[in-house]
Amino acid sequence: MTMYKSTPHTARKRMVIKLGGSTLEGLTPAFFTNFKKLQQTYDLIITHGGGPAINRTLEAQNITSYTVGGIRVTSEAAIDVVQSTLIGLVNPALVHELTTAGITAIGLNGFDSNLVLSTFLDEATYGFVGEVASINTALLNQLIAAGIVPVIACVGVTADGQALNINGDTVASEVALAVEAESLLLVTDVDGIRIEDVYQDEVTPTHIAQWIEQEHIYGGMIPKVQGALACLHAGIPTVQIVGAALTGTVIKSEGQ
């Protein structure tokens, strides 16, 4: 842990960075540069999905996949693909990239010391999809104290050892709440919220509601801001929608 003379006894703030599957496949040098800059101030935790890689494998194996209400219905065959792809391919590849960039990181998933203990969300409707019951913060605290960045694949585990597919934003939000993170960064394929061709530095939920009504926010940005607002309402102080360079729009509660 880096200590500064001006604040020798002050606990460092924490930040969770959620990487979407499409973002993972195109990380830029600016991502790693700015990641290291953030490490000067924050203890960082990464969570990630891997939708594109999962979709490719499902298609290659002729496994049907579809969504209900934005949630991927996950059959027994599909959960095997999700588990093997995220834990066996996507997670180690990301850890390798971080290590190559000089960042000390370790790959994790729900099975590691029951890191993401989960229950079935609604097995009859969604199959092997989970909701988070608890996060093993003791494990994360130990890694952070040792100067290691936890890199968490969004695979949960039940008490009896069944892997479950969990929405990436959900895992990121639950981890951020559990470790009392100062901020959650949702890394997307755009550099924040853009209104009339101008990227916004800071916004509130009221701004977002107005812009959606006025159709300044539309299309694929709507689910992004809705996910950010859900995290904000859950109790995370600030949520940021950022691009691959980790800069973008900060969403704060009213009056903050």
> Taking I45 as the fixed residue, which of L108, I144, I17, V149 is the one that meets the side chain to side chain contact (heavy atoms under 4.5 Å, CB included) rule?
Replying inline: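 Only one of L108, I144, I17, V149 forms a side chain to side chain contact (heavy atoms under 4.5 Å, CB included) with I45, namely I144.
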
> Should D169 and K18 be marked as a salt bridge (Lys or Arg N to Asp or Glu O under 4.0 Å) after you check the CA-CA gap, both sets of side-chain angles, and the distance that decides it?
Replying inline: CA-CA 7 Å; D169 288 339; K18 186 261 180 176; 3.2 Å; yes

Nearest 0.5 angstrom please: [X] [atom1] to [Y] [atom2], how far?
| X | Y | atom1 | atom2 | answer |
| --- | --- | --- | --- | --- |
| E174 | C231 | CD | SG | 9.5 Å |
| L86 | I152 | CG | CD1 | 13.0 Å |
| Q61 | R56 | CD | CZ | 13.5 Å |
| R12 | Q40 | CZ | CD | 9.0 Å |
| T247 | K37 | OG1 | NZ | 10.0 Å |
| W211 | I222 | CH2 | CD1 | 14.0 Å |

> Can you list every pair that meets salt bridge (charged side-chain N to carboxylate O under 4.0 Å, His left out) and has a residue in residues 218-246, with sequence neighbours left out?
Replying inline: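 Applying salt bridge (charged side-chain N to carboxylate O under 4.0 Å, His left out) to every pair that reaches into residues 218-246, excluding sequence neighbours, yields D189-K224.
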
> Any idea which heavy atoms bring G49 and C154 closest together, and the distance?
Replying inline: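 Closest approach of G49 to C154: N-SG, 4.4 Å.
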
>> Side chains of T99 and H96 only: does a donor on one sit below 3.5 Å from an acceptor on the other?
In response: no

>> Is there a side-chain contact between S118 and I166 in this structure, where contact means two heavy atoms from C-beta onward sitting under 4.5 Å apart?
In response: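 The answer is yes; the side chains approach within 4.5 Å.
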
> Between Y126 and F120, is a ring pair (Phe, Tyr, Trp, His ring centres under 6.0 Å) present by the stated rule, with each step listed?
Replying inline: CA-CA 9 Å; Y126 303 113; F120 282 88; over 10 Å; no

> Quick check: does any side chain N or O of T47 sit under 3.5 Å from a backbone N or O of V171, one acting as donor and the other as acceptor?
Replying inline: no

>> Can a donor-acceptor pair be found, under 3.5 Å and without considering hydrogens, that links the side chain of Q200 to the backbone of V198?
In response: yes

> Are more than 12 heavy atoms from other residues, nucleotides or ligands located less than 6.0 Å from atom CD of E76?
Replying inline: no

>> Take a 6.0 Å sphere around CD of E59 and say whether it holds more than 12 heavy atoms from other residues, nucleotides or ligands.
In response: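 Counting other residues, nucleotides and ligands, CD of E59 stays at 12 neighbours or fewer.
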
>> Could you see if L246 belongs to whatever hydrophobic cluster contains V190? Use Ile, Leu, Val, Met, Phe, Trp, Tyr and a side-chain cutoff under 4.5 Å.
In response: no

>> Same cluster or not: L24 versus V242, using hydrophobic residues (I, L, V, M, F, W, Y) connected whenever any side-chain heavy atoms lie under 4.5 Å apart?
In response: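 They do share one cluster, since a chain of ILVMFWY contacts under 4.5 Å joins L24 to V242.
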
> What do the steps show when you test E182 against K252 for salt bridge (Lys or Arg N to Asp or Glu O under 4.0 Å), and what is the final call?
Replying inline: CA-CA 11 Å; E182 177 72 15; K252 294 184 175 182; over 6 Å; no

Scan the side chains in residues 65-74 for donor-acceptor partners under 3.5 Å anywhere in the protein, sequence neighbours excluded, and list what turns up.
unit_1 : atom_1 : unit_2 : atom_2 : d
S65    : OG     : R72    : NH1    : 3.0
R72    : NH1    : N55    : OD1    : 2.9
R72    : NH2    : N55    : OD1    : 3.0
T74    : OG1    : R72    : O      : 3.0
T74    : OG1    : N165   : ND2    : 3.1

For residues 129-138, tabulate all N or O donor-acceptor pairs below 3.5 Å that involve a side-chain atom, not counting sequence neighbours.
unit_1 : atom_1 : unit_2 : atom_2 : d
N136   : OD1    : A138   : N      : 3.3
N136   : OD1    : L139   : N      : 3.2
N136   : ND2    : S113   : O      : 2.8

